[in-house]
Amino acid sequence: MKEGRKPYIAGNWKMNLDRSRALDLIKTIKGRLGDGNDREVAVFAPSVYLADVSAVAQGSPLGVGAQNLYFEREGAFTGELSGAMLREVGADRVLIGHSERRHLFHEPDDWMARKLRAALDAALLPVLCVGETLDERKGGKTDRVLKRQLETALMDVVAGEIRRLTIAYEPVWAIGTGEVATTEQAGEAHAFVRRWIAQKLGTEAGEAIRILYGGSVKPDNVKALMALDDVDGVLVGGASLKPDTFLPIIEFDT
Ligand code: PEP
């Protein structure tokens, strides 16, 4: 965490909760949120609940996002949702390239640039997820994988758009496994991403971009992660589903 970059705490609910539990959870979070001046908080809800969740969040600084979008504006794409559709039901942001989309649903690298463009054009704030698998880490390929994912996703992004973009570094082997990257591993990967952005889009962009860590973040490890210079926030899966675990993460001491 570094002055000038507002901490960003995001919950990814994935395909969890039902409507009534989602609404209870968002009400609780809203009730505990301050004025949003010192931290940005958002949840990425299942798309079918976006309208209801964003209606509850309205009037608060809480962000509400979708977990995915398709890059075309309309057409014969059964089951897919456009940026404009998500925006219309109250989303103000969207996850792009979550590892579950990349690995379970085989979304190719080259879709990410198109999804980023579609999100920005629909006035959604994208969170681009990148991260290596366990085999890639063991094979010493982490930097190479991050470089490839950043290069393909950000090829059309210009420096002026960087303040609307967030990157989430999520090592695939740490997602939902209870295994967290060490502060050294997270620090190195975040620094690599920031350097890459600075080289590609300029020093100012490198300083401004927020990079979240994701992968088994819990109340007891958030503080150590947030103490790292290049970690500007966290993307939280499992622990974002219950107030008991999500509120202490949101309210971590700086
Ligand atoms: C995620 O879904 O992006 C994630 C990091 O999940 P978890 O916190 O459960 O590892």
Side-chain angles (χ1 to χ4, degrees), residues 7-17 21-22 25-26 29 39-47 49-50 53 63-69 91 93-107 112 115-116 119 124-134 136-137 142 145-146 149-150 153 165-183 185-187 189-190 193 210-226 228 230-252:
Y8 184 171
I9 321 299
N12 173 15
W13 291 351
K14 312 194 189 195
M15 198 176 75
N16 290 303
L17 304 172
R21 283 190 294 155
L25 184 52
I26 200 77
I29 298 168
R39 58 198 75 194
E40 181 170 344
V41 179
V43 297
F44 292 88
S47 297
Y49 303 140
L50 280 172
V53 168
V64 176
Q67 298 169 10
N68 185 29
L69 90 171
R93 60 198 73 205
V94 63
L95 293 180
I96 292 177
H98 189 278
S99 74
E100 286 145 23
R101 300 298 323 168
R102 291 180 191 262
H103 296 288
L104 293 177
F105 299 99
H106 308 291
E107 288 193 4
M112 304 312 159
K115 287 184 173 220
L116 265 182
L124 292 165
L125 301 167
V127 176
L128 172 72
C129 304
V130 295
E132 81 287 1
T133 62
L134 188 56
E136 289 164 342
R137 174 157 285 270
T142 301
V145 171
L146 294 178
Q149 291 176 339
L150 291 166
L165 172 72
T166 303
I167 310 274
Y169 168 63
E170 299 205 298
V172 180
W173 47 272
I175 299 180
T177 58
E179 196 165 333
V180 196
T182 62
T183 48
Q185 289 169 325
H190 281 237
V193 172
R210 286 186 296 179
I211 308 169
L212 316 184
Y213 169 80
S216 299
V217 175
K218 303 280 181 275
D220 61 5
N221 57 29
V222 64
K223 199 170 167 176
L225 289 161
M226 290 301 295
L228 301 171
D230 286 313
V231 174
D232 307 307
V234 284
L235 180 55
V236 186
S240 72
L241 297 172
K242 289 192 181 138
D244 290 4
T245 44
F246 197 36
L247 291 176
I249 294 175
I250 292 175
E251 294 169 351
F252 79 95

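Here the structure is a predicted model, which means the values were calculated and not measured. First listed ligand is number 1; within each ligand, the first listed atom is number 1.
Classification of the H190-Y169 ring pair by plane angle, with boundaries at 30° and 60°, yields perpendicular.
For atom 2 (O) of ligand 1, the closest non-hydrogen atom on the protein side is K14 CE, 2.6 Å. If you check which protein heavy atom lies closest to atom 1 (C) of ligand 1, you get H98 NE2, 3.3 Å. With respect to atom 10 (O) of ligand 1, the closest heavy atom belonging to the protein is G176 N, 2.6 Å. The nearest heavy-atom contact from the protein to atom 9 (O) of ligand 1 is G238 N, 2.8 Å. Remark: minimum distance from atom 8 (O) of ligand 1 to any protein heavy atom is reached at G237 N, 2.8 Å. Nearest protein heavy-atom neighbour of atom 3 (O) of ligand 1: E170 OE2, 2.6 Å.
For ligand 1, the atoms closer than 4.0 angstrom to any heavy atom of A174 are 10 (O). Against a heavy-atom cut-off of under 4.0 Å, G215 is close to the following atoms of ligand 1: 5 (C), 10 (O).
Between E170 and R102 no salt bridge is recorded (no basic side-chain N to carboxylate O distance below 4.0 Å).
Rounding to the nearest 0.5 Å gives a distance of 11.0 Å between CG of D244 and CD1 of I249. Between atom CG of residue L235 and atom CG of residue N12 there is a gap of 5.5 Å, rounded to the nearest 0.5 Å.
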